[in-house]
Number of protein chains: 2
Amino acid sequence: MKQEPASSTAAPRRRAGRPRSGVLDRELIARAALKLVVAGGYSTLTMSALAKSLSVSPSALYNHVESKQEIMQWIQEIVMDGVDSTVFETLPLDEALTAWAVTYRDIFAGHAPLIPLIAVLPVSGSPRTLEMYEKVAAGFTRAGWKQEDIIPAIVALESFIFGSALDATAPLDIFDPGENAGGIPNFEGALEAQRATGRNSADAAFRAGLRAIVNGLMAASRTT
Amino acid sequence: MKQEPASSTAAPRRRAGRPRSGVLDRELIARAALKLVVAGGYSTLTMSALAKSLSVSPSALYNHVESKQEIMQWIQEIVMDGVDSTVFETLPLDEALTAWAVTYRDIFAGHAPLIPLIAVLPVSGSPRTLEMYEKVAAGFTRAGWKQEDIIPAIVALESFIFGSALDATAPLDIFDPGENAGGIPNFEGALEAQRATGRNSADAAFRAGLRAIVNGLMAASRTT
DNA sequence: TGTTCTAAATGAATGACGTTCATTTACTAG
DNA sequence: CTAGTAAATGAACGTCATTCATTTAGAACA
């Protein structure tokens with residue numbers, strides 16, 4: 001849990017910038033872990049598998065990592081880097097929020113196991129995540145938002161994004177009532193009507209919900 | 001993964017309604033599991049601990065349960081039962097949605113580990129959850145919504161609720177930039193302003209987001 | 001050059017887990 | 001009284017993450 005001093009380098013502690021032996025370092029481990037995850041999903045990310053992919057014994061990893069959780073945090077940082085938050089510099093707030101949210105959800109839909117982690121993780125450990133927040137907050141500020149309303153708006157959007165990313169991993173027939181059909185006419189009618197549109201319901205929900213929450217937030221900011 | 005035939009009883013398979021020996025049954029196991037969780041959190045819910053709390057050996061549980069995941073589903077059903085969906089019968093849609101969402105989030109904030117499970121779980125295994133959906137869908141129908149818009153609206157709301165429930169478990173100082181302060185003026189300003197309100201930011205975000213998404217959805221339904 | 005220091009790797013061991021299985025127990029039906 | 005059977009037992013297993021005493025090898029210093 002300890003943070004290295006002021007150094008921004010990710011490499012293990014070494015004597016005055018002189019390279020040291022060791023096959024491993026933070027960057028290497030993080031990349032290898034992400035590679036494993038992308039190739040075979042999070043269930044294949046074990047310390048043994050990770051060590052093997054680095055041609056090293058599992059215990060060697062613990063010279064560079066406190067726990068597996070820490071590796072998950074490293075992965076999270078790399079993944080978070082893929083979220084496009086430059087849009088706030090070029091687009092009006094509502095459009096920027098929409099574009100940002102879309103990339104955010106799409107990226108984390110492929111990394112659902114990270115979500116329960118992120119939601120609870122202090123941002124202090126992740127400078128790049130902080131930079132993202134700064135860009136988003138700047139977008140709100142530029143649009144003239146009251147300062148105290150900005151954090152709640154960001155958190156609300158993120159909650160929706162994380163929930164939607166989880167939802168995106170659900171099986172397509174998740175709502176099929178199965179043997180419990182009958183006695184639920186309203187729900188079944190709605191289900192059938194949605195099915196008839198031919199659209200993926202997770203995507204439709206994300207789009208509709210995103211438009212609603214963005215419009216709703218913008219409207220609220222104008223009334224106060 | 002198999003479902004028992006048409007029987008709606010939760011008891012283990014038995015001969016023509018005649019009670020059989022056995023200390024265990026589904027209801028007992030589920031209640032004991034929930035009790036453990038409420039007392040000590042999900043990390044204390046192990047098959048050994050559960051068995052011990054029932055004065056039984058761990059392997060005995062497997063005569064009634066396929067896996068620990070199945071127990072988690074049983075817990076989920078009990079917990080879901082606490083969500084108040086009667087409000088749709090008495091309140092106008094927007095107020096009902098708000099009241100429903102509030103109880104939904106508050107309840108699952110105490111059961112965060114269930115969320116990644118639910119988001120991906122077929123509803124067919126949970127009759128009571130289906131009944132909830134029916135009441136919600138009926139509320140939308142009664143309010144004159146187009147059928148095909150109902151499921152996406154429900155899913156969007158649930159995504160927001162689940163995300164918010166996860167967020168509610170975060171530490172209060174989750175946004176503290178720590179040593180990374182400086183260089184992120186907009187974010188820090190917003191953070192300070194939010195702090196100055198004295199409100200819990202997770203709660204403020206949930207309230208603001210809920211109002212926004214409900215208003216946004218209602219507005220959208222009027223334009224189509 | 002040789003000695004010492006130390007970061008880093010090793011491999012064996014540990015302790016939780018969830019889960020399986022052959023066997024026993026105790027009730028019920030005939 | 002005899003089977004038959006659901007259910008409980010306890011001793012395994014296999015898979016994890018993690019720990020630790022020990023070894024290895026490169027760099028600093030003499």
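Below, all heavy atoms of this structure are taken into account, side chains as well, without hydrogens, waters or symmetry copies. If you're wondering where the values come from, they're calculated on a predicted model, not measured in any experiment.
A salt bridge links R26(B) to E77(B): at least one charged side-chain nitrogen sits closer than 4.0 Å to a carboxylate oxygen.
Nearest to the side-chain atoms of S57(B) among the listed nucleotides dT20(C), dA7(D), dG10(D) stands dG10(D). Among dT20(C), dA12(C), dA17(D), the nucleotide with an atom closest to any side-chain atom of S59(A) is dA12(C). Checking dT9(D), dA8(C), dT19(C) against every side-chain atom of N63(A), the shortest atom distance belongs to dA8(C). Picking from dA9(C), dT19(D), dT20(C) the nucleotide with the shortest atom distance to the side chain of Y62(A) gives dT19(D).
Shown here is R128(A), whose CZ atom has more than 12 heavy atoms of other residues, nucleotides or ligands within 6.0 Å. In the displayed structure, Q69(A) atom CD is contacted under 6.0 Å by at most 12 heavy atoms of other residues, nucleotides or ligands.
Applying the side chain to side chain donor-acceptor pair (under 3.5 Å) test to E148(A) and every residue at least two apart in sequence or in another chain returns nothing.
A straight line from CG of L28(A) to P of dA9(C) spans 10 Å, rounded to a whole angstrom. One interatomic measurement links the two molecules: CG of L61(B) to P of dT19(C), which rounds to 10 Å at whole-angstrom precision. Whole-Å rounding puts the D25(A) CG to dA7(C) P distance at 16 Å. Rounding to whole angstrom units, CD1 of residue I71(A) and C1' of dC16(D) are separated by 14 Å. Regarding E66(B), its CD atom lies at a distance of 12 Å from the C1' atom of dT19(C), rounded to whole Å. As rounded to whole Å, 18 Å separates atom P of dC17(C) from atom CD of Q69(B). When rounded to the nearest whole Å, the span between NZ of K52(A) and P of dA17(D) equals 14 Å. The CG atom of L50(A) sits 13 Å away from the P atom of dC16(D) (whole-angstrom rounding).
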*Could you check R31(A) against E27(A) for salt bridge (Lys or Arg N to Asp or Glu O under 4.0 Å), going step by step and ending with a plain yes or no?*
CA-CA 6 Å; R31(A) 298 267 165 217; E27(A) 195 64 18; 3.1 Å; yes
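Classified by interplanar angle (parallel below 30°, tilted 30° to 60°, perpendicular above 60°), the ring pair F108(A)/F162(A) is perpendicular.
For the side chain to side chain contact (heavy atoms under 4.5 Å, CB included) test with P152(B), the passing option among R207(A), R199(A), Q194(A) is Q194(A); the others fail.
Of the residues in residues 40-47 of chain A, those placing a heavy atom less than 4.0 Å from an atom of DNA chain D are L45(A), T46(A), M47(A), in numerical order.
Checking the phosphate oxygens (OP1, OP2) of dA9(C), a side-chain nitrogen or oxygen of H64(A) falls inside 4.0 Å.
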